[in-house]
*Asks:* 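Next up is a structure, given as structure tokens.
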There are 2 protein chains.
Amino acid sequence: MSGFQRYKKILDLFSEERSSWTVLEISKSLKTPTSTIYRIVREMVTAEFLESASGSYFRLGPAFIKFNRIINFSDPLVRAGQPFLKKLANENPITSVNVLARLYGNNVMCVADYKSPSFKKNTSYQRGKLMPLIYGATSRAIIIQITGKRLENLINLENFKSDEDKTNFLKELKSDRKKGYCFTEGQVDKGLIGFAVSISNKKLGIVASLSSIFNLDDFLLEHEPIIYANLTTYGLLVEKYINEIFDDIQKYHHETKSIR
Amino acid sequence: MSGFQRYKKILDLFSEERSSWTVLEISKSLKTPTSTIYRIVREMVTAEFLESASGSYFRLGPAFIKFNRIINFSDPLVRAGQPFLKKLANENPITSVNVLARLYGNNVMCVADYKSPSFKKNTSYQRGKLMPLIYGATSRAIIIQITGKRLENLINLENFKSDEDKTNFLKELKSDRKKGYCFTEGQVDKGLIGFAVSISNKKLGIVASLSSIFNLDDFLLEHEPIIYANLTTYGLLVEKYINEIFDDIQKYHHETKSIR
DNA sequence: AATTAAATTATCAAATAATGATAATATCTT
DNA sequence: AAGATATTATCATTATTTGATAATTTAATT
């Protein structure tokens, strides 16, 4: 354990399911002496990346809230896409969850979401949530943008039930890439269906998707064209805004550079 | 520069105003050779705490979104308070911004906020935003909970305009502590007024506040009793829920411990 | 397509920091 | 107030970071 890994390994223990740990537990889990863990934890508490809770437990610290906010106000994808999610929800013919997602390591992460107030079910689509790479339209519209060696590497990390499943997946990937949009049914949450389009910006290295998730029970075939029309329109709008934001950033950096 | 500081110093460069940096810029700013910064930045990119953007710029990475989400779903204060903010907004007699805030290092940080849809002005009260310690009711209701040496240290870090200002502040602090609630006018944003009550939980180490912010123009004296009644009621409710969540956590840890 | 500039990675000896076993305090519990 | 648990301090040993420089890759320009 060295470098940033040393800290990351501790942070990675914290999850929604298990959000507080004692030094002893961390020590056992990482097979590292308590004296070492105490030292590292203390450092991270000072930096507000951890904070001490009651009963000698520690939990994630407020630094994450702070930096998350900065991302919210500055990340081009979030900035460009966030404001459209509500509009998309309002224009969809039935109640929906609308999601901006992007590639995060070997997974897909939701970076913004808007649920219509009338949408009842709890869904897996919430900001910050990691989604499986090979299931759901949200992820599909992202992975169709990846090709060659990179795609191969990503796919090889996944556990398909069978070789047939894998070939099927690759086949669907190919056809969806041609179509330019994706549809899946019940792959992430039972009873839900998803529609998605790709969002990308080469210069900014953005590989993302915009998707709408509906209750299967609400869905009628006649809704389909409207759903696709909405997604395509807003997808293009988001890409346009990303470009504008990119230009702003360029300009800003140019200015601050010439001042010096 | 050693330990976690090494990484933190780089992260601390990133702000809402300046959200992307090149290695060269970081290197100059921290007076550290580029080769060293390249190595550290690479580590943090691997860990997804930074990510490379276009034009050899780097920005904050998605790890913050992920951990922020975990906090959202697990932090007792956020979990307990978040759901009440909307209710509080709906029950307030005039349009409002409602905020949960807590002590963060030597500042106050907003950890959850809900703005009535009809509230027009942009305010400083947004989740993740650091607030000044000595201005605004939101902060006041927090700092009145602090006493003795700790208070002295915090106060000494602040720049008061004059010694008179300082004595006044301390006097107000004392009287607000007695009253149990706070009111300020235009201290953070011009044209806005704030009301706040304290939220605390000793066992969990929570030192926080619940506040409602209004447009001065909307405000009539007859609103005051309702505003205070709402804040007090919801403040107590939040504290009650924090306690319940605390008990849940206790129980959970007890179970997982006995399983082992 | 070739050339040049800029960005990024690799190398390695010297300097510095982390480790972990143990001892010393501090804090909480009963 | 005693006992248990949590946390900090110490320090010789071991391991890692540093930063100047060279090598390589990538992007920009001609």
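Chain naming here is simple, since letters A, B, ... match the order of the sequence lines and numbering starts at 1 in each. Every heavy atom of this structure was used, including side-chain atoms; hydrogens, water molecules and symmetry mates were not.
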*Asks:* With ring pair (Phe, Tyr, Trp, His ring centres under 6.0 Å) as the rule and sequence neighbours excluded, what pairs involving residues 140-160 of chain B come up?
*Replies:* B:F160-B:F169

*Asks:* From CD of A:E25 over to P of D:dT7, roughly how many Å is that when rounded to an integer?
*Replies:* 12 Å

*Asks:* Measure CG/A:L50 against C1'/D:dT7 and give the value in whole Å, please.
*Replies:* 16 Å

*Asks:* Taking CG from A:L24 and C1' from D:dT8, how many angstroms apart are they, rounded to a whole number?
*Replies:* 16 Å

*Asks:* Once side-chain contact (heavy atoms from CB on, under 4.5 Å) is applied, do any residues pair with A:K31, and if so which ones, sequence neighbours excluded?
*Replies:* none

*Asks:* Under the salt bridge (charged side-chain N to carboxylate O under 4.0 Å, His left out) rule, what pairs show up with a residue in residues 201-210 of chain B, not counting sequence neighbours?
*Replies:* none

*Asks:* Check this one for me: any side-chain N or O of A:Y38 less than 4.0 Å away from OP1 or OP2 of D:dT8?
*Replies:* no

*Asks:* Within this structure, what is the NZ-to-C1' distance between A:K28 and D:dT5, rounded to whole angstrom?
*Replies:* 13 Å

*Asks:* Less than 6.0 Å separating the ring centroids of B:F4 and A:F49?
*Replies:* yes

*Asks:* Take atom CZ of B:R42 and atom C1' of C:dT8, then tell me their distance rounded to the nearest Å.
*Replies:* 8 Å

*Asks:* List the residues meeting ring pair (Phe, Tyr, Trp, His ring centres under 6.0 Å) with A:F73, not counting sequence neighbours, and say none if there are none.
*Replies:* none

*Asks:* Among residues at least two apart in sequence or on other chains, which ones pass ring pair (Phe, Tyr, Trp, His ring centres under 6.0 Å) with A:F67?
*Replies:* B:F64

*Asks:* Return a table of donor-acceptor pairs under 3.5 angstrom between the side chains of residues 130-142 of chain B and protein atoms on other chains or two or more places apart.
*Replies:*
residue	atom	partner	partner atom	Å
B:T138	OG1	B:S211	OG	2.9
B:S139	OG	B:P132	O	2.7
B:R140	NH1	B:E172	OE1	3.4
B:R140	NH1	B:D176	OD2	2.5
B:R140	NH2	B:E172	OE1	2.8

*Asks:* For nucleotides 12-30 of chain D, just jot down a letter per nucleotide in 5' to 3' order: B, S or -, based on protein non-hydrogen atoms under 4.0 Å.
*Replies:* -----SBBBB---------

*Asks:* Is there a side-chain contact between B:L204 and B:I245 in this structure, where contact means two heavy atoms from C-beta onward sitting under 4.5 Å apart?
*Replies:* no

*Asks:* Considering residues at least two apart in sequence or located in another chain, which fulfil the salt bridge (charged side-chain N to carboxylate O under 4.0 Å, His left out) criterion with A:K129?
*Replies:* none

*Asks:* Mind listing the N/O atom pairs, protein and nucleotides 24-29 of chain C, below 3.5 Å?
*Replies:*
none

*Asks:* May I have the distance from A:Y57 (atom OH) to D:dT5 (atom C1'), rounded to whole angstrom?
*Replies:* 13 Å

*Asks:* Determine to 10° how strongly the helix from C:dA1-D:dT30 to C:dT30-D:dA1 is bent, judged from the axes of its five-pair ends.
*Replies:* 70°

*Asks:* Which residues pass the ring pair (Phe, Tyr, Trp, His ring centres under 6.0 Å) test with B:Y181, not counting sequence neighbours?
*Replies:* B:Y228

*Asks:* Quick one: salt bridge (charged side-chain N to carboxylate O under 4.0 Å, His left out) pairs with a partner in residues 32-58 of chain A, sequence neighbours left out?
*Replies:* A:E51-A:R59, A:E51-B:R102

